[in-house]
Every structure is written in structure tokens, then in C-alpha cells.
Enquirer: 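Quick one: the structure is below, and I'll ask about it shortly.
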Amino acid sequence: MTAPTKPPHSHSAAPRSDGPLGQSLHGAVIDWFEENARDLPWRRPDAGPWGVMVSEFMLQQTPVSRVLPVYEQWLARWPRPADLAKDTPGEAVRAWGRLGYPRRALRLHGAAVAIAERHGGDVPTDHAQLLALPGIGEYTAAAVASFAYGQRHAVLDTNVRRVLARAVTGVQYPPNATTAAERKLARALLPEDEHTASRWAAASMELGALVCTAKNEACHRCPIAAQCAWQLAGKPEHEGPPRRGQTYAGTDRQVRGKLLAVLRDAHAPVPQAALDRVWHEPVQRARALDGLVADGLVEPLPDGMYRLPAS
DNA sequence: TACGCGTGGAA
DNA sequence: TTTCCAAGCGT
């Protein structure tokens with residue numbers, strides 16, 4: 001990546017009516033962001049709302065470094081929602097490659113169809129309309145509204161949750177699932193001014209991604225270390241039950257991944273025997289394939305062959 | 001609310 | 001090698 005983006009406006013002129021705690025954080029974090037923000041393609045002015053939306057789908061649980069090349073290919077191939085809507089869901093799944101969670105590709109295709117049919121081909125600006133699209137939940141609706149349209153929303157992703165847990169609550173990690181208390185805190189900290197609020201959303205997220213990381217946090221580079229409740233408390237370690245880990249080897253997910261990889265790489269329908277080769281245990285193999293069909297990721301043909309969905 | 005859902009890189 | 005983690009969503 002090249003030089004960081006420099007937004008044209010400064011936060012300092014914006015009026016604020018939020019509390020003193022927020023005021024002491026916003027300026028420092030936004031200033032830090034203006035100096036240290038990564039130059040990511042979906043942050044460039046020419047990315048547009050569709051580019052922002054595509055990036056948000058891809059970034060759901062997938063690191064930036066792996067999203068970058070697929071994002072570029074995707075936008076080059078389908079520069080507008082209507083372009084994707086005209087193609088098959090199977091092509092979306094194929095182009096998704098190995099980003100993981102391929103149901104996201106299906107949902108992004110479904111969202112493009114809905115945008116073409118219901119919104120005149122333009123990504124909706126309204127939070128509720130965004131939320132109604134497949135694959136868009138609370139976080140993504142707020143992120144698109146904020147990043148693409150500059151609106152004022154609490155954008156509460158895993159990075160922001162961790163920053164608030166440490167800086168405000170004084171604990172090492174947020175709860176496993178987002179709580180009402182976290183939402184309330186995020187709303188309370190949201191700058192009153194719309195432009196400042198959208199900058200704060202991006203800046204606090206970037207701070208969590210680059211400095212206030214889950215492991216090996218870089219407090220010496222943190223613009224709010226002096227005010228951080230966790231730092232001031234001596235950085236106590238997480239107490240309580242271990243945070244939920246993800247097992248993978250031997251699960252249906254692994255089998256599904258192997259099955260779908262065969263179909264992604266094949267550009268013609270595949271016989272059952274080719275799928276049988278990916279996993280030795282027939283019961284689990286059948287269950288995984290049934291699940292893929294049920295999810296709409298695989299289409300069984302009348303002749304016993306399988307392919308990615310053509311419709 | 002808790003769980004299922006992919007993948008690969010880093011420690 | 002194993003474990004943990006990465007801009008969540010839908011049920």
C-alpha cells in the first residue's frame with residue numbers, strides 16, 4: 001500500500017455535544033487516523049457505495065490481506081450491483097475463491113439482485129433498507145451508511161468493541177457476544193456531528209485493527225494510552241471462562257469446504273464420484289453435501305451430477 | 001443466546 | 001504442531 005489518505009476536512013471545527021469522555025477520545029483518535037490510516041481501495045473516493053458494500057461483505061471474518069486481490073477482481077468484473085445481478089449465483093461463489101464462508105457470496109449476489117429490482121440499481125442510503133438486504137446485519141448496515149454515505153451510526157465491530165472494552169470499561173476483551181451495554185456505550189460516545197461521527201467510526205475501527213489488537217497490543221503507539229482505563233488499571237488479564245475457540249479439523253465445515261473447492265475448480269457439472277473422493281466417511285460426506293444443497297451453494301442435477309448454482 | 005458457517009497466516 | 005484470530009450473519 002502507498003501513502004495514507006488525507007481527508008479534506010478536519011474534525012476540529014465540528015461542534016460536539018457528547019460527553020466529556022468522548023470528547024477526550026475523538027480528537028486524539030481521529031488525528032491519529034489521519035496520519036496512520038491504511039490506503040485501502042474501498043476507502044478511496046472512487047470506490048463508491050458498491051465498492052464499500054462489497055468490501056464489507058468480504059471483510060466479515062476475513063483479513064484485509066486476503067480480501068484485497070479478490071476485491072479488485074470482483075469490482076473489475078461487476079462494477080455495479082446490476083452487473084452482478086445479471087450473472088449467476090454460482091459465478092459469484094466461484095469468484096469468491098478461498099475467502100471462506102461462501103454463503104456470503106450467495107448473499108452478496110442476492111443483495112445485488114434486490115438492489116437492481118427494488119432500488120433502481122443504487123445501494124440504498126437508508127439504514128433500515130440496508131438491513132433488509134441479505135447478508136447485511138447490524139454492523140454492515142451501519143458501516144455502509146457511515147463509510148459510503150457519511151451518516152452518523154454506531155459502527156460496532158470486533159475492533160471497536162475491543163477498543164471500548166479497554167479504553168472505557170478497563171477490561172482486556174469484550175464479551176463473546178455483543179451486549180446491550182456495549183451498544184449503549186457506543187451510542188453515548190458517538191459524536192453529535194455527522195461528519196465527525198463517521199470519521200470516529202473509521203478511526204476507532206482502524207485503531208483496533210492496527211494498535212489495540214487482540215494479541216500483542218502496541219500501547220506505546222496508542223494515541224489514547226494516557227486515558228485508557230485498561231492501561232491505567234495495569235492491564236489486568238482477562239478473567240473467567242476461556243473465550244470460545246473454533247475447532248475445524250474433522251468438522252462438517254471442513255468437508256463442505258473440500259466439496260465446494262471441487263465444484264469451484266470445475267467448469268462443468270461434476271459426477272458424484274468426484275465428490276466422494278474428498279472425504280472418506282460417507283455419512284458425514286452426505287450430510288455436508290446435503291447442507292450445501294440446502295444452503296443453495298450446490299445444485300444437484302437430474303442426471304446425478306452436481307454444479308454451482310445457475311439460478 | 002449459542003451455534004454453525006471457511007480459510008490461511010502468525011505466534 | 002497447535003492454537004488463535006480475522007471489518008459477522010442467520011437461525
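Reckoned from all heavy atoms, side chains included, excluding hydrogens, waters and symmetry mates. Naming convention: chains lettered A, B, ... in sequence-line order (proteins, then strands); numbering from 1 in each chain. Here the structure is a predicted model, which is why all the values come from computation and not from measurement.
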Enquirer: Hey, could you give me each pair passing side chain to side chain donor-acceptor pair (under 3.5 Å) that has a residue in residues 103-119 of chain A? Not counting sequence neighbours.
Expert: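 Non-adjacent pairs meeting side chain to side chain donor-acceptor pair (under 3.5 Å): A:Thr62-A:Arg104.
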Enquirer: Tell me which donor-acceptor pairs under 3.5 Å the side chains of residues 289-311 of chain A have, and how far apart each pair is, sequence neighbours excluded?
Expert:
residue  : atom : partner  : partner atom : Å
A:Asp295 : OD2  : A:Arg256 : NH1          : 3.1
A:Asp295 : OD2  : A:Arg256 : NH2          : 2.7
A:Glu299 : OE1  : A:Ala310 : N            : 2.9
A:Glu299 : OE2  : A:Arg307 : NH2          : 3.4
A:Asp303 : OD1  : A:Met305 : N            : 3.1
A:Tyr306 : OH   : A:Gln272 : OE1          : 3.2

Enquirer: How many angstroms lie between CE in A:Met58 and CZ in A:Arg66, if you round to the nearest 0.5 Å?
Expert: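 If I round to the nearest 0.5 Å, the distance is 12.0 Å.
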Enquirer: If we ignore hydrogens and angles and just use 3.5 Å, is the side chain of A:Thr213 paired with the main-chain N or O of A:Ala209 as donor and acceptor?
Expert: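 Checking the backbone N and O of A:Ala209 against the side chain of A:Thr213, no donor-acceptor pair under 3.5 Å is found.
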Enquirer: For DNA chain B, which residues of residues 255-269 of chain A approach it to below 4.0 angstrom with any heavy atom?
Expert: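 Result for residues 255-269 of chain A: A:Arg256, A:Gly257, A:Arg264, sorted by number.
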Enquirer: List the atom of A:Ala85, the atom of A:Ala116, and the distance in Å for their closest heavy-atom pair.
Expert: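 Closest approach of A:Ala85 to A:Ala116, heavy atoms only: CB-CB, 4.1 Å.
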Enquirer: Report which part of the nucleic acid A:Thr213 touches: base, sugar-phosphate, or nothing (heavy-atom distance under 4.0 Å, all strands).
Expert: nothing
Enquirer: Between A:Asn176 (CG) and C:dG8 (C1'), how many Å, whole number?
Expert: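 In whole Å, C:dG8 C1' and A:Asn176 CG are 14 Å from each other.
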Enquirer: Quick one: does A:Gln231's side chain have a donor or acceptor within less than 3.5 Å of a partner on A:Ile224's backbone?
Expert: no
Enquirer: Can you tell me how far C1' of C:dG10 sits from CD of A:Glu138, to the nearest Å?
Expert: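 Whole-Å distance recorded here is 14 Å.
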Enquirer: Looking at A:Glu138 and A:Arg183, is there a salt bridge between them, counting it only when a charged N and a carboxylate O are closer than 4.0 Å?
Expert: no
Enquirer: Could you tell me how far B:dC3 sits from C:dA7 if I compare only their P atoms? Round to whole Å.
Expert: 22 Å
Enquirer: Think A:Gln61 has a side-chain N or O under 4.0 angstrom from the OP1 or OP2 of C:dG8?
Expert: yes
Enquirer: With no angle test and no hydrogens, is the base of B:dG6 tied to the side chain of A:Arg253 by a donor-acceptor pair under 3.5 Å?
Expert: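 Per atom types, the contact qualifies.
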Enquirer: Under 4.0 Å, heavy atoms only, any strand: does A:Thr158 hit a base, just the sugar-phosphate, or nothing?
Expert: sugar-phosphate
Enquirer: Distance only, no hydrogens: is a donor on one side chain within 3.5 Å (strictly under) of an acceptor on the other, for A:Glu206 and A:Asn36?
Expert: no
Enquirer: Once hydrogens and angles are ignored, does a donor-acceptor distance under 3.5 Å link the base of B:dG6 to the side chain of A:Thr62?
Expert: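 Side chain to base: pair found, below 3.5 Å.
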Enquirer: Could you check whether any side-chain heavy atom of A:Arg38 comes within less than 4.5 Å of a side-chain heavy atom of A:Leu210, counting everything from C-beta outward?
Expert: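 With C-beta onward as the side chain, the pair touches.
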Enquirer: Please confirm whether the shortest side-chain N or O distance from A:Arg162 to OP1 or OP2 of C:dA6 is below 4.0 Å.
Expert: yes
Enquirer: Do any of residues 128-137 of chain A sit with a heavy atom less than 4.0 Å from DNA chain C, and if so which?
Expert: A:Pro134, A:Gly135, A:Ile136, A:Gly137
Enquirer: CE of A:Met53 versus P of C:dG8: gap in Å, rounded?
Expert: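 Whole-Å distance recorded here is 16 Å.
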Enquirer: List in chain and number order the residues that pass ring pair (Phe, Tyr, Trp, His ring centres under 6.0 Å) with A:Trp42, two or more places apart in sequence or in another chain; answer none if no residue qualifies.
Expert: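 By the ring pair (Phe, Tyr, Trp, His ring centres under 6.0 Å) rule, A:Trp42 matches A:Tyr71.
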Enquirer: Is A:Phe147 linked to A:Leu207 within one hydrophobic cluster, defined over Ile, Leu, Val, Met, Phe, Trp and Tyr using a side-chain heavy-atom separation of less than 4.5 Å?
Expert: yes
Enquirer: Taking only side-chain N and O atoms of A:Thr140, does any of them lie within less than 4.0 angstrom of OP1 or OP2 on C:dC9?
Expert: yes
Enquirer: Of the nucleotides C:dA7, C:dA6, B:dC5, which has the atom closest to the A:Asp252 side chain?
Expert: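 Among C:dA7, C:dA6, B:dC5, the one nearest the side chain of A:Asp252 is B:dC5.
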Enquirer: Could you check how far OH of A:Tyr71 sits from C1' of C:dA7, rounded to whole Å?
Expert: 14 Å
Enquirer: Whole-Å distance between C:dA6 C1' and A:Leu40 CG?
Expert: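 That distance rounds to 14 Å.
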Enquirer: With rounding to the nearest 0.5 angstrom, report the NE2 to CZ distance, A:His153 to A:Arg187.
Expert: 13.0 Å
Enquirer: Rounded to the nearest Å, what distance is computed from the CD atom of residue A:Gln60 to the C1' atom of nucleotide B:dT7?
Expert: 15 Å
Enquirer: Which residue lies toward the 5' end of DNA chain B, A:Leu292 or A:Ala177, if each is placed at its nearest nucleotide?
Expert: A:Ala177
Enquirer: From CG of A:Leu59 over to C1' of C:dC9, roughly how many Å is that when rounded to an integer?
Expert: 15 Å
Enquirer: Contact class for A:Gln254 (heavy atom, under 4.0 Å): base, sugar-phosphate, or nothing?
Expert: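 Here A:Gln254 touches no strand at all.
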Enquirer: Which of the following nucleotides, C:dC5, C:dA7, B:dG6, is nearest to the side chain of A:Tyr248?
Expert: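 Output: B:dG6.
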Enquirer: Indicate whether any N or O donor in one side chain lies under 3.5 Å from an N or O acceptor in the other, for A:Tyr139 and A:Gln60.
Expert: no
Enquirer: Using a cut-off of strictly less than 4.0 Å between a heavy atom of the residue and any atom of DNA chain B, enumerate the qualifying residues of residues 92-113 of chain A by number.
Expert: A:Arg98, A:Leu99, A:Gly100, A:Tyr101, A:Pro102, A:Arg103, A:Arg104
Enquirer: What is the distance, to the nearest angstrom, from the CD atom on A:Glu217 to the P atom on C:dC5?
Expert: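 Going from CD in A:Glu217 over to P in C:dC5 covers 12 Å.
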Enquirer: To the side chain of A:Tyr139, which of C:dC5, C:dG8, C:dA6 is closest?
Expert: C:dG8
